[in-house]
Each structure stands twice: as C-alpha cells, then as structure tokens.
Number of protein chains: 2
Amino acid sequence: MSARDALLDAYQSLLQEAGERATTLTAVAARAGVSKGGLLYHFASKEALAAGLIARLDALVEEDLAQMRAAADGPSRYYVRTSVWTGGALDNALIAVAQLAQESHVEAQRAMRRAREQWLELIGTEVDEEATAHAILLLGDGLYFDAALGGGTDPAEPGRFSPEQLMPIVDRLLRAARE
Amino acid sequence: MSARDALLDAYQSLLQEAGERATTLTAVAARAGVSKGGLLYHFASKEALAAGLIARLDALVEEDLAQMRAAADGPSRYYVRTSVWTGGALDNALIAVAQLAQESHVEAQRAMRRAREQWLELIGTEVDEEATAHAILLLGDGLYFDAALGGGTDPAEPGRFSPEQLMPIVDRLLRAARE
DNA sequence: GTCTATAGTACGATAGAC
DNA sequence: GTCTATCGTACTATAGAC
C-alpha cells in the first residue's frame with residue numbers, strides 16, 4: 001500500500017473514531033507511522049487530506065451505484081441491505097465524510113448530497129411512489145446516523161440492526177406501494 | 001431570559017450551524033453578546049457548557065416523552081411526525097448534542113442513547129413486532145441525520161420531508177405489523 | 001456580574017538537513 | 001521521500017480591575 005493511502009486511511013479512521021477536532025495532523029501522522037513533515041509531503045495541507053477523502057468516497061459511491069443497478073433483488077433491497085453497518089470501505093468513507101460535512105465543510109456536504117440524490121434516483125426506478133422511495137432512503141440515513149453516533153466501531157451494540165430484521169420491512173413497503 | 005440561557009442558546013446554535021471546531025468560547029461569547037470573561041463566569045469551562053446543553057436536552061426529551069405517551073394518534077405517529085425538522089427546541093438541542101456525540105463526547109453519546117432507548121420503548125407499547133418498531137425509530141433517526149448534515153437551517157431544501165408525505169408510510173407499517 | 005490582559009498550550013504549516 | 005526544528009496563530013482558561 002502506498003504511503004498516500006496509509007495516510008488517507010489514518011485520516012479516515014481518526015475522523016470516524018475520534019471526530020474532527022481530535023483528527024490533528026500530528027495524530028494522523030502518528031497513526032500512519034510517519035512524521036508530520038512526512039504527511040505534509042503527500043498532502044500539502046489539511047484541506048488536501050479532506051479533498052483526498054472526498055475523492056475516495058466519490059469513487060466508492062460510483063462502484064456502489066453500479067452494483068446497486070445490477071442487484072438481483074433490486075436497488076431498494078440492495079440499498080437497505082448494504083446500509084446496515086458492515087465496516088466496508090464505503091461505510092467507513094461515508095461516516096468519515098459525514099463528520100466533515102457536519103463541521104460545515106462545503107465540499108463534504110456536496111458529496112453527501114450527491115450520493116443521496118443518486119441513491120434516491122435508483123430507488124425511484126423501482127418504486128414509483130415518491131413517499132415510499134423517500135422512506136427507504138430514510139431507513140438508510142437512519143442506519144448511518146446510528147453508525148456515526150457510536151463511532152461505528154462496535155457491530156454488536158444493542159439497538160444495532162441486522163439485514164434479516166429489516167428486509168421484511170422493505171418488502172412490505174415495496175408491496176404496499178405497488179397496490 | 002437569563003444570561004445563562006442566552007449563552008447556552010449561542011453555544012447550541014453555533015454547534016448546529018458551524019460544528020464543534022468552530023464553536024470556540026470567543027465565538028459563543030460574541031454571539032451571546034458578552035465577553036469571554038463574562039461567559040466563563042456563568043460556565044467555568046467549555047465542558048460546563050456541554051453539560052448544560054445535555055441537561056437541557058434531557059429535560060426536553062422528558063417533556064417530549066410525556067407528550068408522546070399522551071398523543072391521540074399514538075406514540076409511533078407522534079414520533080415520526082415530530083422528528084421531521086420543525087426548528088423546535090428539542091430538534092435544535094438534539095442536533096447540537098449529536099455534534100458533541102460525534103466528537104467522542106461520552107456524556108453526549110450517553111444522552112443520545114438514552115433518548116433513543118426511551119423512544120423505542122414507547123413505540124414498542126404500540127407495536128409488538130420488534131422489526132417494525134426499529135424501522136419506525138430508524139425513520140426518525142434518518143430525519144435527524146438529514147437535518148444534522150445541512151446544519152438544520154433550511155427547511156425548504158430539496159430532499160427534505162414533510163409529515164404529510166411520511167404519515168401514510170407509518171400507517172402502512174403499523175397496519176402490516178398487526179396482520 | 002462583566003470586563004481586559006495575558007499565561008500556557010497545541011495547532012497548521014514552513015524551512016532546510018539528510 | 002522523510003525527518004527535526006520552529007514560526008505564527010488561535011485556543012482554553014486564569015487573574016485581577018471595575
């Protein structure tokens with residue numbers, strides 16, 4: 001793995017576990033196993049780290065959308081199924097960027113909005129009824145909210161959700177929307 | 001209004017609009033119209049501000065639970081209806097405390113978990129099926145996530161939800177769970 | 001009860017050796 | 001490509017006048 005990726009990983013995991021405040025250049029460098037000077041060779045500023053993370057998220061969302069389009073069980077079920085916390089690359093990037101977005105980082109907010117719009121659009125190809133499409137999107141948002149609150153590290157926490165539990169609910173929403 | 005409340009309001013609104021990083025003692029004091037020294041007379045430390053905000057949230061949640069218990073349309077419908085962003089006192093306090101929680105503030109995380117558990121418990125008195133109760137809780141979480149991402153200031157933003165849109169969905173979930 | 005002044009610390013970023 | 005040393009800034013909190 002390149003030093004650049006290691007630094008981006010350290011930045012991402014710190015954002016997620018400790019928040020934006022605690023994610024200092026010193027802390028990121030330490031976690032990646034380099035000095036602050038070493039970090040700043042690869043990312044000239046803290047803003048460059050944020051831009052790198054957002055670019056990573058954009059790429060992962062693109063991949064996710066392709067899989068969502070191809071999902072055998074349809075986009076809605078794919079979306080909810082994969083919004084449950086798995087610790088996957090997209091989950092982690094999304095929670096980290098959400099942290100930036102909440103600190104009023106404009107580009108992070110834009111990236112989050114972009115991703116949500118595209119997910120909603122794909123859900124819309126399966127369910128005509130707008131309210132149902134929105135409700136399905138909200139279920140995913142709720143799952144990310146829960147993951148973001150706890151730092152997203154403990155998958156066995158009470159109140160955490162499983163796909164097995166949630167999929168019948170999605171089925172009902174889809175069925176009801178078709179009637 | 002007491003100076004204490006004015007300072008707490010300033011702290012809360014800054015957390016919400018600008019994030020934890022930008023919520024410095026100087027910024028809070030300026031928004032409340034006092035000097036830094038004036039602020040520190042009422043709240044001896046930044047931690048005291050956080051504790052004050054969490055206490056405020058606890059009180060508002062308590063009030064909300066009482067209204068939720070007494071709601072004519074039942075706790076589930078009340079919960080979703082009031083989770084849509086209204087700019088009310090509870091909404092604002094909740095988003096602000098969520099910001100603290102995401103910066104790894106342990107007491108803020110505890111307060112969020114406490115509130116969610118109590119809401120879920122009340123929803124559970126109406127809905128026996130656990131999966132449905134969780135789905136309803138998730139809808140509310142999703143609504144707060146959306147509000148938190150944008151800073152919660154613009155109620156007319158596209159992708160925002162209305163109670164009119166969401167209530168039929170809740171009705172369907174409740175009906176389906178009873179069958 | 002509110003102010004100014006300032007101490008002490010930690011941050012982001014630069015400079016230059018290797 | 002990575003390091004150490006350091007500059008300038010901004011933060012939390014204290015001290016003491018009014």
Side-chain angles (χ1 to χ4, degrees), chain A residues 1-56 96-97 99-109 151, chain B residues 1-56 96-97 99-109 151:
Chain A
M1 182 168 59
S2 71
R4 225 190 106 93
D5 280 339
L7 283 162
L8 222 42
D9 283 352
Y11 177 62
Q12 175 180 286
S13 62
L14 271 169
L15 270 179
Q16 199 178 125
E17 293 164 23
E20 205 274 336
R21 193 77 177 264
T23 304
T24 63
L25 295 185
T26 308
V28 172
R31 179 166 293 205
V34 298
S35 71
K36 199 151 51 162
L39 189 168
L40 286 162
Y41 170 79
H42 293 283
F43 296 93
S45 70
K46 212 180 183 192
E47 192 42 45
L49 271 172
L53 182 61
I54 290 168
R56 172 187 276 192
V97 172
Q99 296 277 5
L100 291 180
Q102 271 159 356
E103 296 293 321
S104 288
H105 192 291
V106 176
E107 278 309 315
Q109 289 175 341
Chain B
M1 182 168 59
S2 71
R4 226 190 106 91
D5 280 338
L7 283 163
L8 222 43
D9 283 352
Y11 177 62
Q12 174 179 285
S13 61
L14 271 170
L15 271 178
Q16 200 178 122
E17 292 163 25
E20 206 274 337
R21 194 78 179 260
T23 304
T24 63
L25 295 185
T26 308
V28 172
R31 179 166 292 205
V34 297
S35 72
K36 201 153 42 166
L39 188 168
L40 287 162
Y41 170 78
H42 293 283
F43 296 93
S45 70
K46 212 181 183 191
E47 192 43 46
L49 270 172
L53 182 61
I54 290 168
R56 172 187 276 192
V97 172
Q99 296 276 6
L100 291 179
Q102 271 157 358
E103 297 293 319
S104 288
H105 192 291
V106 176
E107 278 310 313
Q109 291 175 340

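Just so we're clear, the structure is a prediction, and the values are computed from it rather than from any experiment. Residue numbers begin at 1 in each chain, while the letters A, B, ... track the order of the sequences.
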With a cut-off of less than 4.0 Å, is there a side-chain N or O of Y41(A) near OP1 or OP2 of dG1(D)? yes
Think R21(B) has a side-chain N or O under 4.0 angstrom from the OP1 or OP2 of dG12(C)? yes
Q102(A) side chain to Q99(B) main-chain N or O, any donor-acceptor pair under 3.5 Å? no
Search all heavy atoms of A32(A) against all heavy atoms of A6(A) and return the closest pair with its distance. CB-O, 4.0 Å
Determine the minimum heavy-atom distance between S104(B) and Q109(B), stating which atoms define it. CA-NE2, 3.7 Å
Of the options dC11(C), dT4(C), dT2(D), whose atoms approach the side-chain atoms of S35(A) most closely? dT2(D)
Quick check for you: among dT12(D), dT2(C), dT2(D), whose closest atom lies nearest to any side-chain atom of K46(B)? dT12(D)
Roughly, in whole Å, what's the span from CD in E20(A) to C1' in dG12(C)? 12 Å
Of G37(A) and T24(A), the one whose nearest nucleotide on DNA chain C sits closer to the 5' end is T24(A)
Just compare dC3(D), dG12(C), dT2(C) and give me whichever is closest to any side-chain atom of L25(A). dG12(C)
Specify the separation, in whole Å, of atom OH of Y11(A) and atom C1' of dG12(C). 13 Å
Here's a test of your reading of the structure: between K36(A) and L39(B), which maps to the more 5' nucleotide of DNA chain C? L39(B)
Name the closest nucleotide to the L40(A) side chain, picking from dC3(D), dA13(C), dT2(D). dA13(C)
Rounded distance in Å - NE2 (H42(A)) to P (dA13(C)): 16 Å
Electrostatic pair R56(A)-D9(A), nearest N-O below 4.0 angstrom: yes
Rounded to whole Å, how long is the line connecting atom CG of L7(A) with atom P of dG1(D)? 13 Å
Rounded to whole angstroms, how far apart are CZ on F43(A) and P on dT2(D)? 12 Å
